[in-house]
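Computed from a predicted model, the values in this text were never measured in an experiment.
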Amino acid sequence: MALTEERPPLELTSGEEAVVRKPLGVFTRPSDSPGWRSWLTTVDHKKIGIMYGATAMAFFALGGLEALLIRAQLAQPNGQVLDPQVYNQLFTMHGTTMVFLVIMPMLAGFANYLIPLMIGARDVAYPRLNAFSYWVFLFGGLFLYSSFFLGGAPDSGWFNYAPQSGVAYSPGHGIDFWVLGLQITGIASLVGAVNLIVTCLNMRAPGMTLLRMPVFVWMALVAQFLLLFAIPVITVALFLLMFDRLYGANFFVVEAGADPLLWQHLFWIFGHPEVYILILPAFGIVSDVIPTFSRKPLFGYPFMVFSGIAIGFMGWGVWAHHMFASGVGPVSVAAFSLSTMFIAVPTGVKIFNWIGTLWRGKLSFTVAMLFAVGLVSQFTIGGLSGVMHSVAPHDTQQTDTYFVVAHFHYVLFGGSMFGIFSGIYYWWPKIFGHKLSERIGKVHFWLMFAGFNLTFGPMHIVGLQGMPRRTATYPEGMGWDLMNLLETIGSFLIALSFLVWVYNVVRSRKNPHAGADPWDGRTLEWATSSPPPVHNFDVEPTVGHLDEWWHRKYDEDESGRPVRREHYEFLSAVDEVSLGRGGREPQVDTSSIHLPSPSYWPIVIALGLPLISYGLLYTYWLSALGGIMVVGGVVGLGLEPSVDPEAGHDDHGHDDGHGPGPGTDATGEEAELVGVGAGDGATASGDRAGSGERA
Amino acid sequence: MSVSEQTAPPEVVADRADHVPHDAAAPAHHTSTGLSNEKLGMWLFLGSECLLFGGLISAFLLYRSKDVEGMVGPAVGDLYDIPFTSVSSFVLLMSSLTMVLSLSAIQRADHRRARTWLLTTAMLGATFIAGQVYEFTSFVREGLGYTTNLQSSAFYTLTGFHGVHVTIGILMLVSLFVMSLRGRLPAERSETVEIVGLYWHFVDIIWIIIFTLVYLIPA
Amino acid sequence: MSVSDETLAREAQAEHDAQTEHEGHDHPSDRSYVGIALILAVLTALEVASFYVEDQLGALLVPALVIMMIVKFVLVVAWFMHLRFDSNLFTRVFVSGLVLAVGVYAATLTTFRFW
């Protein structure tokens, strides 16, 4: 919206005098002051990305702890470590945590941090809604975990099949916490998806056409579209279950004639796209890591992009392969068998393109590269056992055995988590300014790789031998004893490798500054300092190529070999480490760059949601309080300009709130960010619609 | 891929700032697609809502067609008051007209008329909700509570969700009305009205579907 | 690749120009809005009428009702929500949600019914 060019966002055109009131007179606007409080009110996509990552890693430790307890129980036949009730809670929470509270937010963190940097933007499209998403996710996760202290966690599996999830079979509050907690995190995902899609489509730097976006941006974009359309489906399922459990509705009550398959359909219509939500951004990460460390452009970039889109589409047509054993008819089984086999094709395209990129490349096996190649190899194993599942008779044999457990750990751990660790090692110097130790990192990788295969490899075998999953113990003499012991040893190796990573992180603060571009990277995030300035780029890039930063650094000699240019310019002021070898700094004045101001409202609204949920379970007074916080917060957010006009006066000395005008280094980009404030009413109303009905 | 091309000279960046239109009234958006962030966001949200209502409608259709032996209470289909529901459907349909007239008025900076139409839209919406409350109470009086049987749970959930959407829409309309009264809704910000309008029309088209699939087509 | 990149850039620019121009387009007049509303009203009347002649219509009833529903839906979306006049991107976003919804839920209901 252009009106911010000449006026502060709330000034009126109708001749009336603009009065900028403090919203509701409750809070003064938080300032940019450093310290821990700034994290509570930040709307900076980089800080939010870091918070997503840190929170997800904390949940990873919790989910891992649950896994260790499960493995301890199963280390020997007739295990006595856990009570079966507790065992049920642990495997339910392990699955729910790893899917909803670890991999999804971890990838959301990467997307948040990297997308604006990679497409040359200053922030995401709606910075305050971005903060809102994070807080909602955090409080949703904490709400879910509070069930452990309030009468027991959910206990019928991460998919909570009906009618087992009904009050009759699970009378405690555990599943209520699950239902409400996932609804809360669902709001976070949905708002985040809208935000990131608009960012990818609307906030690109000049010249950054869609087919010049890095593959990570593409894969994150496809995943956000999947979230956008999949979240409402699980929301329906969760609401129906919630009404059943809390208000006595009959959706999954078999005695009333309900069809429990309805739950399975709704859950898996969401659940299968969810699988691609978990893996596609990880594919994107390695698609950026592998070219960097092969010193070659990605082989078949357009194929990579379009196969990702194809996976996104086809992911909607395969859900019933999770239900082959549920009694859906033969025509359905045949149709979903075929579609499941077909979806292996675009996935195979990706594998071949990665191998094509590695082929005759100048490989350097950094830890990031090791994890990336780890993904390619381990995901292929998981993918192949997936294709085995598409064969319906085979699937019927394997349903509910450890073979399935092996399969999805190879794709989710061997795939997503390896991709995430690859990304962590790759972008760590960008985010924190110094590398993680490569030496310790290699110990981490090999320990994790060995532990992972030792844990989940033997599960294929015991699974084919018929060992059932979700069962608290197994008798002696089934021939499963040795394999289970090995699996338990493997799981503790994984835990050890995680501790090595933590040690690496703690120690890394002493590492020397890595410079802006430590890996000789290809994409725009390496063209700015490490860590990037709050406004990301001093000069807005104009993009002419795929792998823009590489093209700015390298020319080509007659034989087509890349030759480093004598001079090239970074996109913001960098440290001396980066300035050798021809790099220069831009000489611009950045004082007139306006960014959205911090805000209290996102965390206030987000805090209201778990209160409403506790209220539904205990006393409606809490719900009323939470409702007031949400409604009040939404109104506050709507009335507050996204860029604090007063902050503008104080910090930058603008006369009368004149926005950045032409002639300064202001760019369209920046005007856009200010424009977010001008569209506040709209943002707020959309948001009201979003949070209102799901609350 | 050739590496030989020159990268774009940095001056281009500076040039671009001059292209920023200075005319504050022009509805230009400085985004890569030229579309406003807020409007795109609303359309994405509406696309997502299609799957929400699709799921609820499917649950209702599934359970209405189900022949439950010894079903408790009446079937939903036996209680419909079609003339009554037709009138309230018509009211909601016409609220879409008044909504779009309000938008068109505010785009012409005819604020008085825009406010009138906004308020009319909200009133029509409220009439619809009142009709729904009446319908629910009369159903309950005839022995069809929320927990009575499969159909009733599905029916009340579906129409209730829709009703909540309408109510949120009414709240947004009233907020717009108040904003306009206070002069905070100048013609340049008509997009806010347009976006609320998109939501309102969406709620209307969902009812178009519900009216046919749930009320008119016999089980 | 370089050629195609340039073409892409030009296309993007052209697309951008076209859209910016598009934004400037006037929305339809109030008269046409009222006209559309009239058509909607008539369709609604027909829908309600069909309810009373259910028996005479026989097998035609359901298709007739569904067609009228779709026409009403499209009219509101195209005119009142301006999809006819607005950027293609909005249409694509909305239609993908709609098609996806119809697709997956129709498939689900079919699996309950016939298969």
Sub-4.5 Å side-chain heavy-atom contact between L228(A) and F45(B)
no
dist L190(A):CG -> S48(B):OG (nearest 0.5 Å) comes out at 4.5 Å
Residues of residues 112-119 of chain B with a heavy atom under 4.5 Å from any heavy atom of chain A, in residue-number order, are none
Turns out that what part of T148(B) lies under 4.5 Å from chain A's heavy atoms comes down to backbone
Take atom CE of M123(B) as the centre, draw a 6.0 Å sphere, and report whether it contains more than 12 heavy atoms from other residues, nucleotides or ligands. no
One should read off an interatomic distance between L129(A) CG and N37(B) CG, to the nearest 0.5 angstrom, of 11.0 Å
Note: vs chain A, highest number of non-hydrogen pairs under 4.5 angstrom among V68(B), V72(B), T147(B) is T147(B)
Smallest heavy-atom separation, V194(A) atom then L44(B) atom, equals O-CD1, 4.0 Å
Does CZ in F139(B) sit with more than 12 non-hydrogen atoms of other residues, nucleotides or ligands closer than 6.0 Å? yes
- Query: Do S32(B) and N202(A) have side-chain atoms, one donor and one acceptor, less than 3.5 Å apart?
  - Reply: no
Exercise. Under the side chain to side chain contact (heavy atoms under 4.5 Å, CB included) criterion, do T31(B) and R204(A) qualify, and how do the steps go?
Worked result: CA-CA 8 Å; T31(B) 61; R204(A) 285 167 284 139; over 6 Å; no
If one checks every heavy atom of L62(B) against chain A at 4.5 Å, the contacting part turns out to be side chain
Note: A258(A) and Y63(B) closest approach over all heavy atoms is CB-OH, 3.6 Å
Show me the donor-acceptor pairs, under 3.5 Å and distance only, between side chains in residues 237-244 of chain A and residues at least two apart or in other chains.
residue, atom, partner, partner atom, Å
D244(A), OD1, N250(A), N, 3.3
D244(A), OD1, F251(A), N, 2.8
D244(A), OD2, F251(A), N, 3.4
D244(A), OD2, F252(A), N, 2.7

dist I269(A):CD1 -> S58(B):OG (nearest 0.5 Å) comes out at 7.5 Å
Cut-off 4.5 Å, heavy atoms of chain B, and the answer for D259(A) is both
The reported gap from OH in Y247(A) to OG in S153(B) (rounded to nearest 0.5 angstrom) is 13.5 Å
Interatomic distance, OG1@T235(A) vs CD@E49(B), rounded to 0.5 Å, equals 9.5 Å
Looking only at L40(B), L150(B), T167(B), most heavy-atom pairs under 4.5 Å shared with chain A are made by L150(B)
So for atom CG, which belongs to D67(B), do other residues, nucleotides or ligands contribute more than 12 heavy atoms lying within a distance under 6.0 Å? no
